[in-house]
Every structure is written in structure tokens, then in C-alpha cells.
Amino acid sequence: MLLGTVLVLLLLGSAGTASAHAALESTDPADGSVLKSAPRSLTLTFSESVALLDDSFRVYDPDNRRVKTSSAHHAKDAGDTASVTLPAKLGTGTFTVAWRVVSADSHPVSGAFTFSIGKPSATTTPISTAPNEEPLTGSLYDIARYFAYIAAALLIGTATFMALCRPPNPTVLNKPILMGWWTLLASTLALLILRAPYEAGTGLAAAFDPSALPRTLTTRPGQALVARLLLLAATAVFLLRLRGRDRFGRVTLGTGAALAVALALTWASAEHASAGIQVPVAMTSAVLHLLAMSVWLGGLTALLTVLYRSTDLDAAPVTRFSRLAFISVTVLVVTGVYQSWRGLGSWNALTGTSYGRILLVKLGAVVLLLAAAAWSRQWTARLAGAEVPLQVPELVRTGADAATTNPSTGDDKTLPDPGAGDGSPDGYRRGLRRSVLLEVAVGVTVLVITTLLTNTLPGRAAAEAQQTATPADIPAASVTMVPFRVGNAGGKVQITLDPGRVGLNSVEAVVYGPDGGFATVPELRLSFTLPAQKIGPLDADIKDEGGYWGTNSLNIPIAGTWTMKVTVRTSDIDQVSVERRVRIVR
């Protein structure tokens, strides 16, 4: 039943698209910009370092034909940038750029934007900025990651329980340890095979491409997975040499601890802790957090196994694990608070970002887990207090008072029936089994939520991206196409207000002739009026800059829908004025 619940949580948790972790801060050219001439390169800047793929950039011309570009590279050797060189002649119209990179914490990031040369295309195909990812590949990769976490907890936690809590019959824990080892091996191999199509966002067939695995082995996530496989081999040798022992010396305990720390490092080196601020402290915290989680959750599973399969379990191992669990919870709280601060960055991110909201759900689950743990500690204390060895065999008497007599003293004393009710050791063991089972179930839920957090953009990065990026409902620049006609001749004026918001704006006006080519006119005037507030006209005072008319000093004082008046003089006696409405935002 518990396994079925876990599988449902895993499938539900992997149903959505994984969020990216390296936030895109800017693009050059800017999204939606209109350029006078073709750029020589494209450059994207991210909130953290990114790794580049063979197909990181796909550029399409106005006819949706792919443009040949150079290989992607880091601009000026900056790891948080991705750049590509464009051909010299691109033509005019709107170009679409689709991109995909891998963030420093191993998760792929993708999106798209557009820019125009000369003037926007008359019609453009809408583009999606969502990750271009094969759903099946992403879901299988996430499920493999979930099982890797669970297997690590089972392997490390059970081995720790066996070594430090010393149950009377440790052989009953051999099966959970083997299950944890084999599951971690299988999930790691699956992650290694799926890594290439997961990064590229392609189907499963790409995993069997001859070049896929060699490329994966050159990346940091791939190297971390290979290191995990080597550590699992060393762990197998270590476990085989310990088989059958019921006592462990300092060297043995030290070797086991070193293997556990090294295994935890294979996660920390390729997840959130490896990118962002305070990386050394963050990686140390991540290792301690993972180990504490494994010791607690895996130890609970081991305790539950012993409670159900051992008939001679006394209170000593349970008491030892209770102390060990308290230490683990303390470490989890300290490292969890630090990681939450590092991931959030502000209180607003707690409710204003997906990361913060998932973290709130996790905190609620942790509170429930602590309540279940407190319940288990109560049963542990009762079990420890109830286990007082009897000095003489029980004598069961029949009669109204059902009393027993202690032969050594002759006193009548009623002895508890060890198999009846919650007041006996067996009754306390049954209560402990129920509380530990609840604790394991809630702990697995916390683990699933924790894994979901690793698939979510941290609140700090999301807030930084929102500060540097243009809001979605505000255009990067206001572009207005104004057609005009003088006598039998006509044309268009493309007017760009940047940023199209209250305050100082730059103005760029390009005149096109009837054939769509650039045209020159003797005079071009531009003014703005806000009728609702009786403001204006404000003269933009644009100057002929040689090929276009412009200024950098247009000051628009308040937001609203302004009337923009364009006056085009084509000769000494011919001119025309055209009005268009433009929206200015704060």
C-alpha cells in the first residue's frame, strides 16, 4: 500500500514540465526589438553558469527557413552567457530564435524570442517560450531521480541503523540494504542513459545514439553519475566484507561514513548547491541535509522492519535510534533553514514564487512528520519503562482477584499480562509499529516534495529574473507603423519608442517608400497629445540622423493613451499629417 502511494505521488509529481533553474536575464538583440541593420551575433545572459549543447541555437528567417550559424560558445569566456555568430547577410523581417542550454544545477533551460531587421514581417508565426521537451523522456528521468533519492535513504539509513543501533537480529536488514543498493544502481544507470535525450529534449531513441554517452561523460552531471557507480561498487565490496558481523570497529565505521559522504556529494555537485551564492557552504549543507534525511527516513524503515520481523526486540535499539533521529532532525532543521534562505532570498518569494509555495507545502509536511516522530518517541519511552525483567516464572491464579504470589516473599502481587493491552511491552511494540509506519509514510511524502523542489526555479533566481526582465505585459519597445499618402505617392513611417514608458524615451523613425525600401524625406515632425488630461502637444524634436530620424530626449510625463501625430513633408509644397494612438505605461 505504501509503495502504491509513493508511485502515485511520483507520477503526479512528474506530470508537469520541469521548471528551469538558470533564469534568462537578457538577450542581445532584445526580444521584440527592431534593428536598422543585421546583428553579427546573438548573446543570451543567464543568472548562473550554463553548459552549451550542439544545437543550443536555432535561428529561423521570416520564411521559417533555418539560418546557418556558428557553433554556440560563451561570450567573452563568461560561463553565464551563450552566444552564436550570424551570417553577414540576413535580409529584412522578423527572425525567430529558439534556444536550449543546461543550467549549472544540471537542469535544461529553453525558450524563444524574436527580433526584426528593418521592419517587422507582415505576418509572423507565434512562438512558444515553454521548454521544448519530450514529455516521456522528462517524466522517466524525473522518476529515476526520485527512486535514486529513496534508494540512497534506504541504503545509507539501514546501514547506519545496523551499525549504531545494534538490533539483536541484524540479518533481517540484509534485504532492505540489498534492495537499496540495487535500486540505486538501476536508477543511476537509467539517469546516465537518459541524460543525453533529457538535456536535448528529444525522444528516447536519442539515448542509443553512439555519440550520446561519450558526450554525457564530458558533462558534470554525467561525471557525477559515473562517480556514483564507482562508489556503489566500492560500497558492495564494503558490505560483503561486513556480512554476518554484529559489531563494528572505528575503522569500519569511518570507512562506511566516508562512502556515505562521497555518495551524498554526487548529488550536491550537480544540483542547486553547485550554483548560485556561497557554493562551498551550500554543498556542505546539502551533503549534511541528504545524510540526515537518509539516516532518519532509512532508519525508520529499518526500525519498522525489525519491529515486524524480530520477536525478541528489546527497548535498547529503539532508544538508540530515538537519540540518533533527534540528532538527524536537528541537522535537518539547521541545514533546511539555510537552504530555504539561500533558495528564497526574501519573504515575498515565499508566496510569490512556485519554489516558495512548494516549500510551504514541504514545511507543513515536516510539521506533520515531527508530530509523528514525537508520537513514536512516546511509545519508545513507554517501551523502555515497561521492560523490567521478571525474577520468577509467572503463576497464573484463577479466582476473583486473579492475583499471583511471589514465592520468595509470599506477598500477593498482580503481575501484568505481557501479551494483553497497551500496558504491556507487546502492546507498546504494536503502538510503536503504527507510529513508525505513519512516520515512514509522511517521511516519503516529504522526500517526494523535496525532490520536486530540485525541479523548481529557486525563488532568489526567479526574483532576480523578474527584476532584470521586462514584464510580460509591457513591450520591450513600442513600435507603430504609420502609413501615409501624398498625392499619388505613399509610404510608411515606422516609429519606435524605447522603452515606451513614463519618463525619458528614445525615438527612432524610419521612412519606407511605396516599394518597401528605405526612403528620404526633407522633413519629419512628431508630437504627442494626451486629450484626457489636456496635455500637449509635446514636440519630440526629432533630427535627421542619416537614414532615420530620432532623438533620445523625449520626456513623457504620465501614463495613458496618447495621440501621436506624424507629419511627413515630401516636397516644398507637399506634406501630410497622420495620427495614431499609442499606449504609454508606467
Student: Can you find a pair of side-chain heavy atoms, one from Leu192 and one from Thr216, that are under 4.5 Å apart?
Tutor: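 In contact.
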Student: Set out, in order, the CA-CA distance, both residues' side-chain angles and the distance that settles side chain to side chain contact (heavy atoms under 4.5 Å, CB included) for Leu204 and Leu136, then state yes or no.
Tutor: CA-CA 8 Å; Leu204 295 177; Leu136 180 59; 3.8 Å; yes
Student: Report the distance from atom CZ of Phe321 to atom CH2 of Trp296, rounding to the nearest 0.5 Å.
Tutor: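 Going from CZ on Phe321 over to CH2 on Trp296, the span is 8.5 Å.
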Student: For Leu184 and Ala148, which heavy atoms make the closest approach, and how far apart are they?
Tutor: CD1-O, 3.6 Å
Student: Can you check side chain to side chain donor-acceptor pair (under 3.5 Å) on Thr335 and Ser285, steps first, answer last?
Tutor: CA-CA 5 Å; Thr335 56; Ser285 175; 4.6 Å; no
Student: Cation-pi between Arg145 and Trp267: NZ/CZ under 6.0 Å from ring centre and within 45° of the ring axis?
Tutor: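 No, cation not above the ring by the 6.0 Å, 45° rule.
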Student: Which atom pair, heavy atoms only, marks the closest approach of Pro29 to Phe113?
Tutor: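 In this case the closest contact between Pro29 and Phe113 is O-CE1, 3.6 Å.
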Student: Find the distance between OG (Ser26) and CG (Asp31) and round it off to the nearest 0.5 Å.
Tutor: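 Separation between the atoms: 11.5 Å.
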Student: Between Leu253 and Ala163, what is the shortest heavy-atom contact and its length?
Tutor: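 The answer is CD2-CB, 3.7 Å.
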Student: Minimum heavy-atom separation for Leu53 and Ala72, please, with both atom names.
Tutor: O-CB, 4.4 Å
Student: Look at the rings of Trp99 and Phe46 and say which category their plane angle falls in: under 30° parallel, 30 to 60° tilted, over 60° perpendicular.
Tutor: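 Correct class here is perpendicular.
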Student: So, do Thr235 and Arg228 sit near enough that their side-chain heavy atoms are less than 4.5 Å apart?
Tutor: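 Thr235 vs Arg228: side chains apart.
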Student: Under 3.5 Å, side chain of Thr137 to main-chain N/O of Thr202, donor-acceptor pair present?
Tutor: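 Present.
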Student: Looking at every heavy atom in both Leu154 and Thr158, which two are closest together, and how far apart are they?
Tutor: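 That closest heavy-atom pairing would be O-OG1, 2.6 Å.
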Student: What are the two closest heavy atoms between Thr188 and Leu225, and how far apart are they?
Tutor: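 Between these two residues, the closest heavy atoms are CG2-O, 3.6 Å.
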Student: Looking at Leu24, Val101, Asp80, which one forms a side chain to side chain contact (heavy atoms under 4.5 Å, CB included) with Val50?
Tutor: Val101
